[in-house]
Engineer: 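One structure is given below, represented as structure tokens, and several questions about it will come after.
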There are 2 protein chains.
Amino acid sequence: MTRKKQTDRVTITDVARVAGVSKTTVSRYLGGQYHVLSESTQARIKEAIEQLNYRPNQMARGLKRDRSYLIGMVMADISNPYSTAVLRGAEDVCKQKGYSILVCNTDNDPAKEREYILMLQSHRIDGLLINTTGKNNDFLRELANDCTPVVLIDRKVPVLGFDTVGLDNEQATSEAIHFLLNRGYKRIAYVSEPIAGVSSRRERAAVFTALADQYGYSADDLYEVNLQSPERLSEVLDHFLQRTQGEKPVIFAANGVVLLKLIRALQSKGISVPEDVAVISFDDTEWAALIGSGITAIAQPTYQIGMTAMERIFQRMEGDGSPAQNIAFAGKLIIRGSTPPVV
Amino acid sequence: MTRKKQTDRVTITDVARVAGVSKTTVSRYLGGQYHVLSESTQARIKEAIEQLNYRPNQMARGLKRDRSYLIGMVMADISNPYSTAVLRGAEDVCKQKGYSILVCNTDNDPAKEREYILMLQSHRIDGLLINTTGKNNDFLRELANDCTPVVLIDRKVPVLGFDTVGLDNEQATSEAIHFLLNRGYKRIAYVSEPIAGVSSRRERAAVFTALADQYGYSADDLYEVNLQSPERLSEVLDHFLQRTQGEKPVIFAANGVVLLKLIRALQSKGISVPEDVAVISFDDTEWAALIGSGITAIAQPTYQIGMTAMERIFQRMEGDGSPAQNIAFAGKLIIRGSTPPVV
DNA sequence: TTGTAAGCGTTATCAC
DNA sequence: GTGATAACGCTTACAA
């Protein structure tokens with residue numbers, strides 16, 4: 001297999017030579033300025049390009065035009081199906097505009113987040129989508145002085161003038177809790193990953209707390225668990241279920257990852273859903289319907305979130321200077337067998 | 001919020017001016033050639049860079065050095081957890097080397113695959129990871145004439161001299177079938193997505209077929225289903241289960257996505273696992289353990305597949321001209337409740 | 001140890 | 001309609 005040297009790549013100069021015109025003319029053709037080109041010239045250039053299998057060099061083009069045709073996407077956890085669903089929406093918009101996406105996974109590590117953002121800046125990305133770790137607020141604030149449009153996904157950063165796209169956590173959480181209350185549940189636990197710094201977690205938890213007094217369940221049953229340590233979740237379950245005095249308990253998982261660990265913990269303890277405890281969760285994962293008689297879940301319009309976020313980027317790139325928007329989509333409650341009416 | 005114009009970006013010239021040295025000297029500093037720089041010069045440059053918050057422009061650097069520091073990753077289905085797991089492995093290797101990944105999702109559409117590859121070539125990616133749709137063989141073959149290292153993931157392309165990284169499908173399938181036979185199963189159905197063009201599907205199915213005569217199960221129970229149409233899967237189940245004359249049947253799902261649809265179909269038909277039918281599957285998805293008493297599955301070392309693929313890319317970039325390698329990792333059978341011994 | 005100058009592959013400005 | 005030519009921000013001979 002012979003390998004062509006990179007430097008042997010065909011350039012606009014080659015095309016110009018073969019077509020018998022100047023680089024400028026070829027460049028005009030590439031730029032789609034057909035109205036200033038004669039038919040015959042167009043035809044000759046077209047042929048030369050095909051014959052040579054020419055592909056314009058985006059680095060050169062980008063250097064000159066001060067655009068990279070690259071969008072950065074920094075996600076806290078790419079393994080979360082939420083992230084890939086958002087990515088798909090974002091990508092479809094990008095593709096249509098001739099842009100490509102640089103994907104970075106921070107693993108919820110703020111240091112990685114900073115490093116990746118610096119790296120992306122080096123590539124002169126034209127836009128940046130961030131699902132932030134929530135622990136780089138000062139650093140992110142500096143991005144605001146930058147020229148590059150930034151859209152935050154799911155997680156907001158206080159004070160900043162960034163566009164934000166995500167779920168209407170207030171509506172979704174409230175709807176879910178009212179649903180549980182209507183079904184007759186009086187003892188509700190809310191289990192979340194660590195809330196500090198992550199706006200969506202905070203917003204959801206706040207609704208749980210705010211409605212507690214009003215509706216007579218205990219705000220104390222808000223549990224933060226670090227999912228790295230399974231013991232903690234086990235303790236939380238013991239603590240909560242022990243407190244349920246005859247009343248049917250329900251556990252509200254703050255996202256799909258929590259739900260996964262929760263189900264695992266319940267199974268290992270021999271606790272049945274929904275006989276012993278009811279379950280409801282954020283994120284309608286692909287497998288939620290398959291667990292037992294199905295897990296009641298709040299579905300997010302993830303694809304649309306990705307699309308919308310990317311559309312904001314392009315609007316900003318095209319000069320939209322309006323104040324930062326906060327776009328929140330409604331969640332949809334999918335009722336399944338894990339939350340039967342309390343008899 | 002004031003927006004800096006892109007053209008106001010600080011350049012190496014600015015740094016040189018502030019530090020009171022030439023561009024060349026700054027470039028040497030950036031390139032890490034500290035041995036040719038005086039301590040005081042280094043210090044002044046360092047300070048200037050920090051003061052100005054300078055980030056080198058990768059497009060300019062890339063144009064000059066004929067390297068983009070970009071790797072393309074073209075996946076047939078980014079929604080598949082397999083893809084993101086591979087991505088994580090690939091990304092960790094990249095990050096350490098200062099490279100970034102351009103992620104493209106083809107949705108198993110050959111046209112999209114071609115478009116994305118052309119786009120990536122335009123960006124002059126330094127390496128390309130492809131999990132191909134399997135329907136662009138001629139197109140892919142042309143990539144071999146290119147200078148850019150290509151590594152195929154999971155799915156091979158006939159004849160081509162590309163490095164390949166994936167599962168040892170022969171070993172894994174064979175091991176799983178022998179496991180089923182040892183457990184006493186005599187009626188085995190293998191359910192796969194359309195096999196045409198996808199080497200991993202072909203390899204797995206071939207083992208199922210090859211062992212059929214030898215071990216007395218029917219090679220006719222190899223079913224190809226298009227997962228877009230749920231009816232087809234339902235028909236397959238009817239057909240197969242009707243054929244099982246008193247013998248305990250087991251269904252072998254060719255990957256995690258098939259498993260998902262399979263479980264859904266079984267549930268909607270009221271067929272119990274493992275009472276009515278046993279189930280085994282490729283891909284140890286995060287939820288496999290949670291379905292009923294757990295689904296027996298063949299785990300792939302996905303993270304390692306991603307790492308290894310990316311390492312091959314870098315080895316090729318660094319001049320390794322050895323013949324194309326075919327790297328196949330062993331799968332690991334995770335035995336759960338869905339395949340009890342036949343009594 | 002440092003600097004000058006050419007050039008990477010494009011596009012933009014100006015001329016014809 | 002078309003073409004010279006000068007950038008874009010960087011690296012790299014070659015000089016000093």
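Letters A, B, ... are given to chains in the order of the sequence lines, protein chains preceding strands, and every chain is numbered from 1. Note that the coordinates shown come from a computational prediction; the quantities given were computed from them, not determined experimentally.
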Engineer: Between the protein and nucleotides 13-16 of chain C, list every N/O to N/O distance that falls short of 3.5 Å.
Structural biologist:
none

Engineer: Which of these passes side chain to side chain donor-acceptor pair (under 3.5 Å) with B:Asn136: B:Glu113, B:Arg141, B:Glu142?
Structural biologist: B:Glu113
Engineer: On DNA chain C, nearest-nucleotide positions of B:Thr25 versus B:Ala60: which is more 5'?
Structural biologist: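 Its nucleotide being nearer the 5' end, the pick is B:Thr25.
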Engineer: Rounding to an integer number of Å, can you tell me how far B:Asp14 CG sits from D:dC8 P?
Structural biologist: 11 Å
Engineer: Can you classify the ring geometry of B:Tyr99 versus B:Phe314 as parallel (below 30°), tilted (30 to 60°) or perpendicular (above 60°)?
Structural biologist: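 Perpendicular: the ring planes of B:Tyr99 and B:Phe314 meet at over 60°.
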Engineer: Could you tell me which non-hydrogen atom of A:Val26 sits nearest to which non-hydrogen atom of A:Ile12, and how far apart they are?
Structural biologist: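 That would be CG1-CG1, 3.5 Å.
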Engineer: Can you check whether A:Ser22 has a side-chain N or O nearer than 4.0 Å to OP1 or OP2 of D:dG3?
Structural biologist: yes
Engineer: Does D:dT2 have OP1 or OP2 sitting under 4.0 Å from an N or O in the side chain of A:Tyr29?
Structural biologist: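 The answer is no; no side-chain N or O of A:Tyr29 sits under 4.0 Å from OP1 or OP2.
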Engineer: Give a yes/no answer on whether the side chain of B:Ser27 brings an N or O atom under 4.0 Å of OP1 or OP2 in D:dC10.
Structural biologist: no
Engineer: Taking CD1 from A:Ile12 and C1' from C:dT10, how many angstroms apart are they, rounded to a whole number?
Structural biologist: 6 Å
Engineer: For B:Arg61 and D:dT11, is the shortest distance between a side-chain N/O and OP1 or OP2 below 4.0 Å?
Structural biologist: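 It does, given that an N or O in the side chain of B:Arg61 lies less than 4.0 Å from OP1 or OP2 of D:dT11.
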Engineer: List the steps and the verdict of side chain to side chain contact (heavy atoms under 4.5 Å, CB included) for B:Leu37 and B:Thr25.
Structural biologist: CA-CA 8 Å; B:Leu37 297 173; B:Thr25 305; 3.7 Å; yes
Engineer: Does one side chain, of B:Ser27 or B:Thr24, offer a donor that lies under 3.5 Å from an acceptor on the other?
Structural biologist: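 Per modelled atom types, B:Ser27 and B:Thr24 side chains form no pair under 3.5 Å.
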Engineer: Near DNA chain D, which residues from residues 35-49 of chain B have a heavy atom under 4.0 Å away?
Structural biologist: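 Listed by number, there are none.
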Engineer: Test for a donor-acceptor pair under 3.5 Å between the base of C:dT4 and the side chain of B:Lys23, counting only N and O atoms.
Structural biologist: no
Engineer: Using a heavy-atom cut-off of under 4.0 Å over every strand shown, decide if A:Tyr54 touches base, sugar-phosphate, or nothing.
Structural biologist: sugar-phosphate
Engineer: Just N and O in the side chain of B:Tyr69: are any of them under 4.0 Å from OP1 or OP2 of D:dC10?
Structural biologist: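 Looking at the OP1 and OP2 atoms of D:dC10, neither is under 4.0 Å from any side-chain N or O of B:Tyr69.
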Engineer: In this structure, how many angstroms lie between the C1' atom of C:dA5 and the NZ atom of B:Lys64, rounded?
Structural biologist: 10 Å
Engineer: Is there a donor-acceptor pair under 3.5 Å between the side chain of A:Arg155 and the backbone N or O of A:Thr132?
Structural biologist: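 Flag set: sc A:Arg155 to bb A:Thr132 pair under 3.5 Å.
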Engineer: Which whole-number value in Å describes the distance from A:His123 NE2 to D:dC10 P?
Structural biologist: 14 Å
Engineer: What is the separation between atom CZ on B:Arg124 and atom C1' on C:dT10, rounded to the nearest whole Å?
Structural biologist: 11 Å
Engineer: Is any side-chain N of the basic residue among B:Asp14 and B:Arg17 closer than 4.0 Å to the acidic one's carboxylate O?
Structural biologist: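 Looking at B:Asp14 and B:Arg17, the cut-off is met.
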Engineer: Given atom CD of A:Gln58 and atom P of C:dT10, what is their separation to the nearest angstrom?
Structural biologist: 10 Å
Engineer: Under 30°, 30 to 60°, or over 60°: which ring-plane class applies to B:Tyr34 and B:Tyr29, parallel, tilted or perpendicular?
Structural biologist: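 B:Tyr34 vs B:Tyr29 ring planes: perpendicular.
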Engineer: Is it true that B:Asp66 and B:Arg124 make a salt bridge, defined as a side-chain N closer than 4.0 Å to a carboxylate O?
Structural biologist: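 A salt bridge is absent here (no side-chain N lies under 4.0 Å from a carboxylate O).
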Engineer: Taking CZ from B:Arg9 and P from D:dC10, how many angstroms apart are they, rounded to a whole number?
Structural biologist: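 Rounded to whole Å, this separation is 11 Å.
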Engineer: Between the main-chain N or O of A:Ala19 and the side-chain N or O of A:Arg44, is there a donor-acceptor pair closer than 3.5 Å?
Structural biologist: yes
Engineer: In whole Å, what is the span from the CG atom of B:Asp66 to the C1' atom of D:dT12?
Structural biologist: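 Going from CG in B:Asp66 over to C1' in D:dT12 covers 14 Å.
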